[in-house]
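Take a look at the structure below.
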Amino acid sequence: MNIEGDDRAVDRPAPSKLAAGAVVCRLEGDLDLDTAGTARVLLDEGLASAARVLVVDLAAVAFCDSSGLNLLLRTRLTAEGAGKVVRLAAPPDQLMRLLDLTGASGVFPLYATVADALHNP
């Protein structure tokens, strides 16, 4: 799925299974008020899968505001309620700073790469 507007394009491909028991959702572009709805659809699709682990690949996220952060936090709560876990992979510096400033870095398992998130407990 592609969303284009102003000077940004946000690509939200369908979740893809990369490892047994895990699904990876790759987010790209800005994760903000304008794109959170589209990202929510993708993350919900990942949670609806039979996979126990949802890895959110954030490597290509250029910017994240409070709407994006709230989406990630709500996704984590939904996952926990379903007996699943959300792992964040490759958060860029700006997003990592947001996670640290808000204390949210303490509630997510954080990994440097998608491969690390898939292969570590």
Go through it in stages, so that I can follow the logic: the residues are Asn70 and Ser67, the test is side-chain hydrogen bond (donor to acceptor under 3.5 Å, both in side chains), and I'd like the CA-CA distance, side-chain angles, deciding distance and then a yes or no. CA-CA 5 Å; Asn70 283 326; Ser67 299; 5.9 Å; no
Quick check: are there more than 12 heavy atoms from other residues, nucleotides or ligands sitting under 6.0 Å from CG of Asp93? no
Heavy-atom pair of closest approach, residues Ala89 and Ala117: CB-CB, 4.2 Å
Heavy-atom distance under 4.5 Å between the side chains of Leu110 and Leu99, does that happen here? yes
I'd like to know whether Cys25 forms a side chain to side chain contact (heavy atoms under 4.5 Å, CB included) with Val55, so could you lay out the CA-CA distance, the side-chain angles of the two residues, the decisive distance to 0.1 Å, and finally the verdict. CA-CA 6 Å; Cys25 293; Val55 176; over 6 Å; no
Examine the side chains of Thr35 and Asp30 and answer whether a donor and an acceptor come within less than 3.5 Å of each other. no
Test item: Leu27 and Asp57 side chains (from C-beta on) under 4.5 Å apart, heavy atoms: no
Measure the shortest side-chain to side-chain distance between Val53 and Val23 over non-hydrogen atoms and say whether it is less than 4.5 angstrom. no
If you round to the nearest 0.5 Å, how far is CG of Asp32 from CG of Leu71? 11.0 Å
Does a side-chain heavy-atom distance below 4.5 Å link Leu88 with Pro109? no
Give me each pair satisfying salt bridge (Lys or Arg N to Asp or Glu O under 4.0 Å) with a member in residues 68-90, each pair once, sequence neighbours excluded. Arg76-Glu80
If you group Ile, Leu, Val, Met, Phe, Trp and Tyr by side-chain heavy-atom gaps below 4.5 Å, do Tyr111 and Phe108 land in one group? no
Would you name the heavy atoms of Leu118 and Ala22 that are closest together and state the gap between them? CD2-CB, 3.6 Å
Taking a hydrophobic cluster as the set of Ile, Leu, Val, Met, Phe, Trp and Tyr residues connected by side-chain heavy atoms closer than 4.5 Å, whether directly or through intermediates, do Leu95 and Phe63 fall within one such cluster? no
Do the non-hydrogen side-chain atoms of Val56 and Leu54 ever get within less than 4.5 Å of each other? yes
Side-chain contact test, heavy atoms from C-beta onward, threshold under 4.5 Å: evaluate it for Leu69 versus Asp65 and give yes or no. no
